[in-house]
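Scroll down for the structure; my scribbles are underneath it.
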Amino acid sequence: MALQTTVERVAARVPVTVMALDGELDASNFERLIEDVRGLYAAGDRTLLLDLSGLTFMASSGLVALHAIVLVMHGQRPPDLEGGWSAFHALTDAVEGSERQTEVQLCGAQAPVTRVLERTGLDRLFVSHPDRASAIAAI
Amino acid sequence: MALQTTVERVAARVPVTVMALDGELDASNFERLIEDVRGLYAAGDRTLLLDLSGLTFMASSGLVALHAIVLVMHGQRPPDLEGGWSAFHALTDAVEGSERQTEVQLCGAQAPVTRVLERTGLDRLFVSHPDRASAIAAI
Amino acid sequence: MSAISVDADLDRLADIRALVRGVALSSDAPPACLDDLVQAVDEAATNIVVHGYARRGGAIDIEARLVDEQIVIVLSDTAPSFDPTSVPEPDLSVPPLRRRPGGMGIHLIRLATDSMVHRARPGGGNILTLTRSLDPRPKEER
Amino acid sequence: MSAISVDADLDRLADIRALVRGVALSSDAPPACLDDLVQAVDEAATNIVVHGYARRGGAIDIEARLVDEQIVIVLSDTAPSFDPTSVPEPDLSVPPLRRRPGGMGIHLIRLATDSMVHRARPGGGNILTLTRSLDPRPKEER
Ligand SMILES: Nc1ncnc2c1ncn2[C@@H]1O[C@H](COP(=O)(O)OP(=O)(O)O)[C@@H](O)[C@H]1O
Ligand SMILES: Nc1ncnc2c1ncn2[C@@H]1O[C@H](COP(=O)(O)OP(=O)(O)O)[C@@H](O)[C@H]1O
């Protein structure tokens, strides 16, 4: 099953870009997802809500995508997957106190996806909402 | 697994267009295959060898595609899948004596594909060769 | 018994076939048995997508089990009730070019399975049970 | 025991996952067991494609069986020998943003399975045996 992305812009307290991921996020498509978010950032989007309610599978490469997406949405240099991740230390220091950055937030994650986030500790990087409506109300 | 098609033109006794089908031919992609062959006919190709050695699955909709491809390669009106198959009677009468037309030939069919052709009697429509080399030598 | 639910979409047929291969694999099915099951389930699922739900989508629930050397696969949907066993056999004596293309799906299911049983789903829809023995030979060679 | 051979290609991962769902389905595996197996096999297969065959392609042979309430899935390849059980656990105490992305695949396999055993394939290559009990709970809740 392939990955489909759908983007919608919502006027909450701040403008929120909602990207719904439907299908399966794996090693065959995680790089395209990072590219898509890079495009959003270039277009001026600054707060991204990933709606994971239709995501039925996430591989460890999906975690790499989530990590990279956080960097991209913080204006960091596009992560070079072959090495050269030094750039992100600045960001690390900036958000260190709070740890959970807020530029990228999640909602609607199903059990298999939540499990992967928790098993790798990547859940600590994100504010997670049960669904899209409560996320938009909270942002 | 998706369907990939690769086209090659070979100078045998007559010019032969070899189209290799790799993957699985099913209800999601059989119409695209007919379209592809329509394009070949429009481009002047007149003898088509379908190399099925990489085809691991063929649904009954694949049989519809094969049938339509024979019509297309005989210059018949593109079959309208919603009805209106009257046009092919002329062709039927033309090739009735021999039954096996030669404009579209097959090679390399694997067991599951051969079984589907035999179980529906569509094998009677085609000259089938064990592999590409012997097909080209025979055409 | 648990089921896997798949969207009734032509783009999911490849997933359904891979699922059936997994079922066959875990029963150590011989190649012709695996091929037959893949064919039968693909044809049945295609009919549910195209005819049953008329391409408007829906769900196909798939169950599988091994019972007495028979692989049993059950497809359930909530489309209008239709019994494929009521469809007459195509006349294979007609030369292929004289035929109207199509109409071979149910015929292929019959040849690929040892039994095809339809019943109405309580509350609406269909339950189609396809059974294929682990026999290594295709039906016509038995 | 028969095996299914799949091209070592990232575009076949979805097929491999569907295959594993079919294996789980025919053993009537509970949801968390199915999810774990899909995750573990996907990660292992991805590593074979990306690291083992270095994206140059090859074959992955997949076998499956149910033994004593355990689903056993075996992946074989002919890539250079590599024992994933030799890879140390990642340090999860490091805050996510301080980490170098990646390096979580084998960790996820460990958490999703009850055992992961590697042996060299006679003649070259790898045989990786992944086992997951039918226990309905994920490992961390047992
Ligand atoms: N699930 C279904 N719901 C409604 N009608 C069906 C269904 N399956 C088959 N049919 C009917 O039976 C006919 C024969 O089906 P089949 O042998 O699979 O060939 P085809 O689908 O190519 O026509 C179909 O054309 C359709 O009219
Ligand atoms: N099949 C394999 N062949 C060779 N090296 C491998 C294989 N699987 C894993 N590795 C090595 O182990 C490392 C850790 O793998 P893994 O935990 O899956 O994370 P990742 O693949 O994201 O790096 C890989 O980066 C690679 O160097």
Side-chain angles (χ1 to χ4, degrees), chain B residues 1-3 23-31 34 56-71 74 76 79-86 88-101 110-126, chain C residues 7-18 20-21 24 30-51 55 87 89-113 136-141:
Chain B
M1 195 183 175
L3 182 73
E24 303 185 316
L25 175 54
D26 70 5
S28 75
N29 55 35
F30 79 108
E31 285 167 310
I34 302 173
T56 54
F57 173 77
M58 186 164 72
S60 64
S61 43
L63 300 173
V64 173
L66 289 185
H67 193 152
I69 284 169
V70 168
L71 299 182
H74 284 81
Q76 300 291 311
D80 168 6
L81 299 179
E82 306 297 315
W85 283 84
S86 55
F88 73 89
H89 281 294
L91 171 62
T92 311
D93 296 336
V95 299
E96 195 72 12
S98 59
E99 185 158 268
R100 278 176 222 266
Q101 47 74 46
Q110 300 181 33
V113 171
T114 302
R115 219 173 282 136
V116 170
L117 289 167
E118 290 177 355
R119 283 175 167 175
T120 56
L122 226 75
D123 57 326
R124 284 148 51 199
L125 192 50
F126 297 102
Chain C
D7 285 346
D9 184 317
L10 295 180
D11 286 333
R12 302 301 305 279
L13 290 172
D15 282 338
I16 291 174
R17 291 191 299 271
V20 172
R21 289 190 185 101
C33 171
L34 183 151
D35 293 341
D36 276 347
L37 279 170
V38 168
Q39 191 88 38
V41 174
D42 177 87
E43 302 292 348
T46 298
N47 282 349
I48 294 172
V49 174
V50 173
H51 303 302
R55 295 177 193 262
V87 173
E89 277 290 281
D91 181 356
L92 296 185
S93 71
V94 178
L97 278 180
R98 286 233 174 255
R99 298 181 199 161
R100 185 190 172 81
M104 289 292 161
I106 294 167
H107 170 67
L108 284 171
I109 298 175
R110 285 195 176 104
L111 288 180
T113 58
R137 294 162 302 173
K139 222 168 165 178
E140 49 269 59
E141 291 174 19

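Chain letters run A, B, ... following the sequence lines, proteins first and then strands; every chain starts at 1.
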So, taking the atom named CG in C:L97 and the one named NE2 in B:H74, what distance separates them when rounded to the nearest 0.5 Å? 7.5 Å
Measure the spacing between CZ of C:R17 and CG of B:D26 and express it to the nearest 0.5 Å. 4.0 Å
Using heavy-atom distances under 4.5 Å, tell me whether C:V50 contacts chain B through its side chain, its backbone, both, or neither. neither
For a quick test of your reading: what N or O donor-acceptor pairs under 3.5 Å do the side chains of residues 56-66 of chain B make, sequence neighbours left out?
from: B:T56; atom 1: OG1; to: B:G23; atom 2: O; distance (Å): 3.2
from: B:S60; atom 1: OG; to: C:E43; atom 2: OE1; distance (Å): 2.6
from: B:S61; atom 1: OG; to: B:A27; atom 2: N; distance (Å): 3.0

Is C:M104 close to B:V116 at the side-chain level, that is, under 4.5 Å between some pair of heavy atoms? no
With respect to chain B, which residue among C:D9, C:L34, C:D36 yields the maximal number of heavy-atom pairs within a distance under 4.5 Å? C:D36
Distance check, rounded to the nearest 0.5 Å: B:E24 atom CD versus C:L13 atom CG? 9.5 Å
So, the part of C:A18 with a heavy atom under 4.5 Å from chain B: the answer is neither
Donor-acceptor pair, C:H107 side chain versus B:R119 backbone, under 3.5 Å? yes
Once you round to the nearest 0.5 Å, how far does CZ of B:R115 lie from CD of C:Q39? 9.0 Å
Return the minimal non-hydrogen interatomic distance between C:P95 and B:R124, and the atom names on each side. CA-NH2, 3.5 Å
Going by side-chain contact (heavy atoms from CB on, under 4.5 Å), name the residues that satisfy it together with B:P112, two or more places apart in sequence or in a different chain. B:Q110, C:D35
Nearest heavy-atom contact between B:G121 and C:P96 is O-CG, 3.5 Å
Heavy atoms only, distances under 4.5 angstrom: which of C:G102, C:A32, C:S93, C:P90 has the most pairs with chain B? Name it, please. C:A32
